[in-house]
Amino acid sequence: MREAYLDNAATMKKHLDAINSEADFYRKINANPLRGLYKKSVQATTGVNEAREAVLKLVHADKSYTVIFSRGTTEAINMVANGLLLRDDGFGVVNRDAKVVIDIESHHSNILPWKQRYSKVLISKDLNKDIRGAKVVSLTGVSNVTGQNFLKRIREVRRTLPKAILGVDGAQMVGHVDFDITRLGADFVAFSGHKFGAPMGIGGLVIKRELAEKLRPFNYGGEMVDAVSLDGEPTYSAIPERLEAGTLSVGAIFGLSAAIKVLDFDKNEHAERLAKMAATELRKIRGVKVLVSNGLIVTFQVKDVHPHDVAQILADDGVCVRAGYLCAQPYLEYKGWGPVVRASFSNYNDKSDVKALVKAVSKVRKKMGLE
Ligand code: PMP
């Protein structure tokens, strides 16, 4: 059975160059970066530095930004939320009761890292009204539920609040939208490589150096200290290493570089056209409600059928979609939608995937004995 992979917003298929690049690192280099003085270690270090440069270039960052690697967006936002909190260890910027504002469209990964650490987190349904007095604002770049792009809104927030710490959950944006972080005015953007063809387990923060200097490290250990004595305080490495304790996912970092190299924003048009076509065709099916569709995403429900049943029936026909709350339960509840089904497209999809989706969805109600 042919597979129609339409769960690209969850994770994209990996580009062959990225897979090969990761495998080649382990086959041919396989050394720790930073500390080794032998040739392969130097090659690993060079590769990591090149990947940092590639990420900075991808988002058009100027010299005021740096890259901190993490496992992905979730870890990156946790790194900031943890690092910003003032304690008596010399790190941090804001108190636990500082006003933190996030948008209602937020993924759980932009909700819980804040909610778990700060006492005044406002999940805003109206940013214009709510951002006043905010010390930290962390916003969705592109929604994984609606496909909406919020770049304009983020720029407006920056204009209104020139001094606040402004962050962006870029999981669905980095590698998909060609944006300029400097012009956006964001202090940090979190991203995941696996959302745009790089291996899983690598992502990070593009962050203002000045802010990164103030962050408390998330992890303490090797690679992030210069000197450790029997007693007394250790002296920490400079940024970015200070925030990257332990051995990095170097193979994945090599894969990330390769994935960035083959990115082609012009090809998004093709995927967007497919999503539009899918939305149009799904709307024609009796009992199907397309709730929203933008960019690469079509979110819908089938009348009287739980989204998990829809996804299972589609899976039986080789159509891979995501169903449930899409890790954005507050938003889905706010909209009064509850759980949904999401089809999400990428450059390698084609019309036959749309056809397979539409055909499988058109059979759902009958298969459930409702027609
Ligand atoms: N934010 C958004 C908008 C997402 O779509 C996702 C992935 N579903 C994340 C954050 C979390 O990304 P990761 O699991 O790679 O950390």
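Quick caveat: nothing in here was measured; it's all calculated off a predicted structure. Counting convention: from 1, in listed order, for ligands and their atoms alike.
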message = For E210, I'd like to know if atom CD has over 12 heavy atoms of other residues, nucleotides or ligands within 6.0 Å.
response = no
remark   = the protein heavy atom lying closest to atom 4 (C) of ligand 1 turns out to be H107 CD2, 3.3 Å
query = Nearest to atom 5 (O) of ligand 1, what protein heavy atom do you find, and at what distance?
reply = Q172 NE2, 2.6 Å
ask   = For atom 13 (P) of ligand 1, which candidate among A171, G141, S192 holds the nearest heavy atom?
value = S192
request  = Just jot down the side-chain hydrogen bond (donor to acceptor under 3.5 Å, both in side chains) partners of N219, sequence neighbours excluded, or say none.
outcome  = none
inquiry  = So, applying salt bridge (charged side-chain N to carboxylate O under 4.0 Å, His left out) with D7, which one of K13, K195, R342 is it?
reply    = R342
request  = Around atom 11 (C) of ligand 1, find the nearest protein heavy atom and jot down its residue, atom name and distance.
outcome  = T74 OG1, 3.5 Å
note = So for R71 against ligand 1, with non-hydrogen atoms under 4.0 Å, the contacting part is neither
task = Please confirm whether K208 makes a cation-pi placement over F188, using NZ or CZ under 6.0 Å from the six-membered ring centre and within 45° of the ring normal.
result = no
key: Donor-acceptor side-chain pairing of S21 and D24 below 3.5 angstrom   = no
Check ion pair D350-R2 (N to O, under 4.0 angstrom) = yes
Proximity of D169 to ligand 1 by residue part, where a heavy atom lies under 4.0 Å = side chain
message = Pairing donors with acceptors under 3.5 angstrom, does anything connect the side chains of T73 and S109?
response = no
message = Under 3.5 Å between any N/O of S109 and any N/O of ligand 1: does that happen in this structure?
response = no
message = Is the contact between K195 and ligand 1 made by the side chain, the backbone, both, or neither, using heavy atoms and a 4.0 Å cut-off?
response = side chain
ask   = Within the structure, does E75 bring an N/O atom to less than 3.5 angstrom of an N/O atom in ligand 1?
value = no
